[in-house]
Enquirer: 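Pasting a structure here, questions to come.
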Amino acid sequence: MPSLTNLTLCVPRPSSGLDPNVPVLVSSSIRVREVLANHIVIRVDRFGFSANNITYQALGEEAHYRYFDFHPAPSCLEKNVSPKMHGLVPVWGFGTVEVSKVEDVNVGERVYGYFAPARYIVVPVAPATVGKYGFLVPRPNLPADRKPYNLIQRCRTDPQYIPTSEGEDLTMLFRPLYWTAFWCDDWLNASHYRGGATKVVISSASSKTAVSLGYLVRKRFKGKGTVVGLTSKRNVGYVSGLKVFDEVVRYEDVDAMVMEQEERWIYVDVAGNDSVNGKVLEKAREGTGELVAAVNLGATTLAPGASSDEKHRLTPKISLNAPPSGSFPGSQTSVEFEPFFMPEWLAVRRTQLSIPEITSMQNAAWVELMRECPRWVRVERVYGGQEVGKSYKRVVKGRVGPEMALVWSLWDQDRDGDGTEKARL
Ligand SMILES: NC(=O)c1ccc[n+]([C@@H]2O[C@H](COP(=O)([O-])OP(=O)(O)OC[C@H]3O[C@@H](n4cnc5c(N)ncnc54)[C@H](OP(=O)(O)O)[C@@H]3O)[C@@H](O)[C@H]2O)c1
C-alpha cells in the first residue's frame, strides 16, 4: 500500500471572496510511508449532512467557533485550492482505521467521529488518551471545551453503536443533533424551566434538532405543558404528521398563537430568522403570558455566504455556567437572546455529574431515540464526489425536504466490514 488516493470536498472560505456555494473536489495522494508517528489515517466511509453542517460552514472562520480549524483543506495548484482560501466542513461519520502509527490503535478498527468530507483523513492522536472507548485528536489551538469534537470513538466498545448500515446512518445523522437537544433540555431544566414555564415554542420545527428537542421537552412536561413548533408553510404537513409537538404553527400565523393569561413561556430559536423572531417578540409584547427566556439554539437560515452581522448574532456573549432562573431578566420590550452551545454546557455538567452518570443518562435516551427516529426521516445515501457535489448544491438552495436525511460518501460504493466492496443499498 504505497499511497492512498484521496478525494476531498472543499468549500471557499468567506474571506476568500469566492462563491462559498460552489464546492471544489480535490484529488490528492497520501504516501503511507510518510504518515508521521502518532498519526492515523481513517478511511471515511459515510457521513451525515444537514443544515447543521451548513451552519458549521457559515461559522467556519468565526472566532468563537472556528469550524475550519478542525481539518485543514488540501493544497491543489491546478484548482487554486489552498488552506488559506478554502475550508473543510466538519461532518460526523463512520470510518475505519486504514493506517496506524499509534500504539494500541489498530488497523481495521471501526470508529466514529468529527471527520472531514473526504475519502481519507490523516489526524494526530494524543497517545496518552488512547483508552478503551476512544482517543483524542490534540487541537491545542482550540478551546478546551471543544473536546466532544476531538474524541474519536471506538465502535466495538461504544454502548450506543448499532452495527448495521441503517443503525450507523441514523447515528451519524442524529447523534450530534439529539445530544444538543438533550443537553438543551437539561440546561433549561437546571433552572426548572426558568421558574416554571409551561409552554416552549421552537422554530424550524421540521429540523432534526427541533424535532429532538420537541420530543424531549414534551416528555419532560408529562402533559403539564405545551410544546409548539413553528415552521414554514411547506413543512407544516411534515411537522404535524410527526405528532411530536402539541401545536404546529406556520411562521405567517405566529401572531395568532394562543397564549394563556399569565402563562410563562420560553422561545427556542433554531431558525435564526429575524422576521420570525420579530413576530415572536411582538407576541411577547402583547402581554398575554410572560416570555421568560429566548434561547438561540441554531440558525437553519444562515447561508454559507451569510453577512458578518448575521453571524455575529450567534456568537455567545454570556456564560452558560450560571443560567438565570426565575423571571426573564429584562422587560418584555427588550428581550435578549441567550445562546446555547452544547460543548460549553456539557463542560459544566462534567463538573457536576460523574462520567458513569452522564453515560447512563445518555444510553437510556439513545435507546429511546433509536426507537422513535426511524419514523421521523427517510435516509437518502449519495455516493461519489460528483453526486455529493450536486447534493450539496441542492442543500444550499434549500431543495431538500425535512423528511430527507442525507448520508454522503466520497466513495463510489460501500465497503463491507471485511474490506470487500459491496453493492449500494
Ligand atoms: N447550539 C448548538 O450547540 C447546536 C448543535 C447542533 C445543531 N445546532 C443547530 O441547529 C440547527 C438545525 O440543524 P439540523 O441539522 O437539525 O437541521 P435540518 O434537520 O437539516 O433542518 C432543515 C430545516 O431547516 C429549515 N431551513 C430554513 N432554511 C433552509 C435552507 N436554506 N435549507 C435547508 N433548510 C432550511 C427548514 O425548517 P423550517 O421550515 O421548519 O424552518 C428545514 O426543514 C442548525 O443551525 C445547527 O447548527 C446547534
Side-chain angles (χ1 to χ4, degrees), residues 21 48-60 62 64-65 67 89-92 114 145-146 148-149 172-184 186-187 202-215 228-240 242 244-245 248-252 254 268-273 275-277 295-306 310-311 313-316 320 337-347 373 376-380 391-407:
N21 297 317
F49 203 92
S50 66
N52 186 37
N53 303 85
I54 296 295
T55 310
Y56 291 151
Q57 179 180 352
L59 301 176
E62 284 302 295
H64 188 80
Y65 298 99
Y67 288 117
V89 178
V91 292
W92 294 95
Y114 198 52
D145 64 24
R146 302 304 192 266
Y149 295 134
M172 52 196 151
L173 285 160
F174 276 98
R175 202 168 194 165
L177 310 173
Y178 185 66
W179 292 136
T180 295
F182 180 86
W183 291 111
C184 183
D186 178 77
W187 174 61
I202 309 172
S203 67
S204 254
S206 67
S207 67
K208 287 177 271 304
T209 305
V211 173
S212 302
L213 183 65
Y215 172 79
V228 182
L230 304 184
T231 188
S232 48
K233 195 173 165 183
R234 67 177 181 159
N235 293 333
V236 165
Y238 167 76
V239 180
S240 303
L242 295 175
V244 159
F245 297 91
V248 180
V249 175
R250 298 187 319 174
Y251 293 136
E252 294 87 333
V254 167
V268 181
D269 179 27
V270 182
N273 179 318
S275 137
V276 171
N277 289 348
V295 178
N296 176 243
L297 182 65
T300 56
T301 48
L302 197 68
E310 287 171 287
K311 291 188 263 198
R313 276 195 284 110
L314 289 176
T315 305
L320 294 185
F337 278 82
E338 300 167 52
F340 177 79
F341 188 39
M342 196 264 272
E344 289 175 346
W345 178 240
L346 193 54
C373 76
W376 296 348
V377 291
R378 200 169 74 240
V379 173
E380 181 185 280
S391 186
Y392 171 87
K393 287 179 186 162
R394 277 175 56 216
V395 172
V396 290
K397 285 184 181 149
R399 294 200 182 139
V400 179
E403 73 289 351
M404 200 62 89
L406 296 173
V407 170

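Below, all heavy atoms of this structure are taken into account, side chains as well, without hydrogens, waters or symmetry copies. Bear in mind that the values here come from a model prediction, so they are computed numbers and not experimental data. Starting from 1, each residue takes its place in the sequence as its number. Whatever order the structure lists ligands and atoms in, that order sets their numbers, starting from 1.
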Enquirer: Could you tell me, atom by atom, which parts of ligand 1 come under 4.0 Å of a heavy atom of Y251?
Expert: 38 (P), 40 (O), 41 (O)
Enquirer: Could you tell me the residue and atom name of the protein heavy atom closest to atom 5 (C) of ligand 1, and the distance to it rounded to 0.1 Å?
Expert: T180 OG1, 2.9 Å
Enquirer: Quick one: does ligand 1 sit under 4.0 Å from the side chain of T55, the backbone, both or neither, non-hydrogen atoms only?
Expert: side chain
Enquirer: So, S203 side chain and V270 main chain: donor-acceptor pair closer than 3.5 Å or not?
Expert: yes
Enquirer: Of all the non-hydrogen atoms in the protein, which one sits nearest to atom 37 (O) of ligand 1, and at what distance?
Expert: S206 OG, 2.8 Å
Enquirer: Is W345 close to T180 at the side-chain level, that is, under 4.5 Å between some pair of heavy atoms?
Expert: no
Enquirer: Which protein non-hydrogen atom lies closest to atom 15 (O) of ligand 1, naming both residue and atom, and how far is it?
Expert: S50 OG, 2.5 Å
Enquirer: Please list the nearest protein heavy atom to atom 19 (O) of ligand 1 with its residue and the distance rounded to 0.1 Å.
Expert: K208 N, 2.8 Å
Enquirer: If you have a sec, work out which protein heavy atom is nearest atom 21 (O) of ligand 1 and how many Å separate them, to one decimal?
Expert: S207 CB, 3.1 Å
Enquirer: Heavy-atom distances under 4.0 Å decide this one: backbone, side chain, both or neither, for N52 against ligand 1?
Expert: both
Enquirer: What is the nearest protein non-hydrogen atom to atom 35 (C) of ligand 1, stated with its residue, atom name and distance?
Expert: T300 O, 4.0 Å
Enquirer: Do N273 and Y251 touch side chain to side chain, with heavy atoms closer than 4.5 Å?
Expert: no
Enquirer: State whether any protein heavy atom lies less than 4.0 Å from atom 47 (O) of ligand 1.
Expert: yes
Enquirer: As an exercise, identify every atom of ligand 1 less than 4.0 angstrom from a heavy atom of F340.
Expert: 1 (N), 2 (C), 3 (O)
Enquirer: For the pair D269 (side chain) and I202 (backbone), establish whether a donor and an acceptor sit closer than 3.5 Å, ignoring hydrogens and angles.
Expert: no
Enquirer: What are the two closest non-hydrogen atoms of F245 and G214, and how far apart are they?
Expert: CE2-CA, 3.9 Å
Enquirer: Return the orientation label for the F182 and Y178 ring planes: parallel under 30°, perpendicular over 60°, tilted otherwise.
Expert: tilted
Enquirer: Using a strict 4.0 Å cut-off to heavy atoms of G298, name the atoms of ligand 1 that fall inside it.
Expert: 9 (C), 10 (O), 45 (O)
Enquirer: Side chains of L302 and I54: closer than 4.5 Å at any heavy-atom pair?
Expert: no
Enquirer: Could you list the atoms of ligand 1 found under 4.0 angstrom from a heavy atom of N235?
Expert: 36 (C), 37 (O), 38 (P), 39 (O), 43 (O)
Enquirer: Taking the side chain as every heavy atom from C-beta outward, state whether V295 and W187 have any pair of such atoms under 4.5 Å apart.
Expert: yes
Enquirer: Look at atom 20 (O) of ligand 1 and find which of A51, A405, G48 reaches it with the closest heavy atom.
Expert: A51
Enquirer: For the residue pair Y56 and Y114, categorise the inter-ring angle as parallel (less than 30°), tilted (30 to 60°) or perpendicular (more than 60°).
Expert: perpendicular
Enquirer: Please tell me if the side chains of N52 and T209 come closer than 4.5 Å, counting only heavy atoms from C-beta onward.
Expert: no
Enquirer: With nothing but distance in play, are any N or O atoms of T301 less than 3.5 Å from an N or O of ligand 1?
Expert: no
Enquirer: Could you identify the single nearest non-hydrogen protein atom to atom 3 (O) of ligand 1 and state the distance to 0.1 Å?
Expert: M342 N, 3.1 Å
Enquirer: Between ligand 1 and L177, is the shortest N or O to N or O distance under 3.5 Å?
Expert: no
Enquirer: Let me confirm one number: the CG-CZ distance from L406 to F49, rounded to the nearest 0.5 Å.
Expert: 8.5 Å
Enquirer: Determine the minimum heavy-atom distance between N53 and V89, stating which atoms define it.
Expert: O-CG1, 3.2 Å
Enquirer: Any side-chain heavy-atom pair from W179 and M342 closer than 4.5 angstrom?
Expert: yes
Enquirer: When you compare ligand 1 with L297, is there at least one nitrogen or oxygen pair between them that comes in under 3.5 angstrom?
Expert: yes
Enquirer: Going by the atom numbers of ligand 1, which of them fall below 4.0 Å from some non-hydrogen atom of P402?
Expert: 43 (O)
Enquirer: Suppose I only count heavy atoms of S232 and a 4.0 Å limit; which atoms of ligand 1 are within that range?
Expert: 38 (P), 39 (O)
Enquirer: Which pair of heavy atoms, one from G272 and one from T301, lies closest together, and at what distance?
Expert: O-OG1, 3.3 Å
Enquirer: Please classify the V395 to ligand 1 contact at 4.0 Å (heavy-atom distances, strictly less than): side chain, backbone, both or neither.
Expert: backbone
Enquirer: Does the residue A271 have a heavy-atom contact with ligand 1, meaning some pair of atoms that are separated by less than 4.0 Å?
Expert: no
Enquirer: Do ligand 1 and T231 have nitrogen or oxygen atoms that lie under 3.5 Å from each other?
Expert: yes
Enquirer: Can you confirm whether F340 sits close enough to V268 that some side-chain heavy atom of one is under 4.5 Å from a side-chain heavy atom of the other?
Expert: no
Enquirer: Please determine whether any non-hydrogen atom of N273 lies less than 4.0 Å from an atom of ligand 1.
Expert: no
Enquirer: Checking contacts here: is it the side chain or the backbone of T209 that comes within 4.0 Å of ligand 1, counting heavy atoms only? Could be both or neither.
Expert: both
Enquirer: Is it the case that ligand 1 has an N or O less than 3.5 angstrom from some N or O of K397?
Expert: no
Enquirer: According to the interplanar angle, ranging from 0 to 90°, do the rings of Y149 and W92 count as parallel (below 30°), tilted (30 to 60°) or perpendicular (above 60°)?
Expert: tilted
Enquirer: With heavy-atom distances below 4.0 Å as the criterion, list the atoms of ligand 1 near G398.
Expert: 30 (C), 31 (N), 32 (N)
Enquirer: Output the list of atoms in ligand 1 that are nearer than 4.0 Å to some heavy atom of A205, sorted by atom number.
Expert: 40 (O)
